[in-house]
Amino acid sequence: MSEEMKLRKEKLFAKAENGYDRINEQDLAAMEAYCCLYRDYLDRGKTERECALRTVQLAEERGFRPYRRGMALQAGDKVYTVNRGKSVMLAVIGSKSLAEGAHIVAAHIDAPRLDMKPTPLYEDSELAYFKTHYYGGIRKYQWVTIPLELRGAVALKDGTVVHVVLGEGDEPKFVINDLLPHLGAEQSKKPLGEAIPGETLNILLGSRPVGESGESDRVKLHILEKLNEKYGIVEADFTSAELEAVPAAMSCDIGLDGSMIGAYGHDDRVCGYAGLQAIFDIAAPQHTAVCMLADKEEIGSMGVTGMQSAAFDTFMHDLCDSQGVLLRECYENSFCLSADVTAAYDPNFAEVYEKRNSARINYGIGLCKYTGARGKSGASDAGAETVAFVRRVLDDAEVIWQIAELGKVDAGGGGTVAMYMANRNIATLDAGVPVLSMHAPFETVSKLDCYMTYKGCKAIYEA
Ligand code: MN
Ligand code: MN
């Protein structure tokens, strides 16, 4: 190539370089340290409740105090509030008035899983099982024949809440069984989505009977006795329980080069943790920084702990009240990074991606101007000016980023909390970590992209 052509191209062409060709030594070291902390957060939080609890512990260690309505707040103050044990909102008060807007990072801490039905326990053929109802978009065939844990809460009539953790560490795990190939001929002819019906996702709990031969439900009784011994609960208490089956696998590095992380629940704890660690690390910001960790994104952000809940507005309204600012004025001047994962280009399934507009592993935090399906249906299509603002902020902070769509037009689609923030009159842009095998019991992300998402969140808070 002639020198002249090279200069002409350099002047006009957009550059897309692998993050490893751009990252500096300092960031490389920081990336490894950050990813160790992230893996610890993942391993301690396999449910939204556990993530919320761990978030509060970490926040308190860093000087955040529980917010109380009417509290006097000054620049630099750090507060948090927990919504019903499943969602957390944190804020660092800025030196500017909230009338000039808040800088928000919103992610979600719920993840696809199997919930127990309200009447879950039964015995069949002298084996005890739990009936499940899947939560979020799962590919059912991926949830059979893998070790599972049971986690969650049982709320008793007297108001106490029992936290359940079964199958952790060396404890016995649980499993959903599948057909052996020898007898699977008919099942194998079915489409992938139909081969494992939802009503067969029954969790094997035990096989050892108690009591006298000839009695019925002896294995079920044994299971209830075990649960009663450990938690003091009886069968009727399942009525007011939220028990979740989650993969037992712990996070680990992936690849001979250790460049990736495999784990359950990257979607969206990988962005939630980025937003959280970033709000811990900012020095006194100008705009009030808000980290929103929402629940229920995987089922449409509905309900009292989802992003559509007024809980967020209430928290922001309270903060605004402390400065005599109107909430609507704060919102119209705020910016929100809707931090949620996107699909990483997978050469194994190239046919569903449009290569020129796909997020790639190691190319940094992936911005998505819009999500949605078909003709952008259900998308919060960020304004060009909003994207330009984020480009500038990320470039100024030397954050490695890329811009992408989820997949080919008409191949499918997805959504995030972005539209619910944008509907509040908050300028919002989607951005997050590209994920391989998204929504599988074991998802893969790149360390570089995790770290760049953290850096991106920090840059947004500090902008
Ligand atoms: Mn997500
Ligand atoms: Mn998801």
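Read the numbers this way: they start at 1 and go in the same order the structure lists the ligands and their atoms.
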Which atom name does [X] have for its N/O/S atom nearest to the Mn ion (ligand 2)?
X      : answer
Glu298 : OE2
His439 : NE2
Asp267 : OD2

Positive for salt bridge (Lys or Arg N to Asp or Glu O under 4.0 Å) with Arg151, one of Glu242, Glu171, Glu50, Glu48: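 Exactly one candidate clears the test, Glu50.
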Aromatic ring pairing Phe335/His103, orientation class (parallel under 30°, perpendicular over 60°, tilted between):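 Perpendicular.
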Nearest non-hydrogen partners of Val105 and Gly275, listed with the distance: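 Between these two residues, the closest heavy atoms are CG1-CA, 3.9 Å.
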Ring centroid separation Phe280 to Tyr273 under 6.0 Å: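 They do not qualify: ring centres at least 6.0 Å apart.
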Test of ring centre spacing under 6.0 Å for Phe130 and Phe238: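 That pair passes the under 6.0 Å test.
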Asp340 atom (N/O/S) at minimal separation from the Mn ion (ligand 1):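 The Asp340 atom nearest to the Mn ion (ligand 1), restricting to N, O or S, is OD1.
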Backbone or side-chain N/O/S of Cys271 under 2.8 Å of the Mn ion (ligand 1):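 Looking at Cys271, which is the residue asked about, there is no N, O or S atom under 2.8 Å from the Mn ion (ligand 1).
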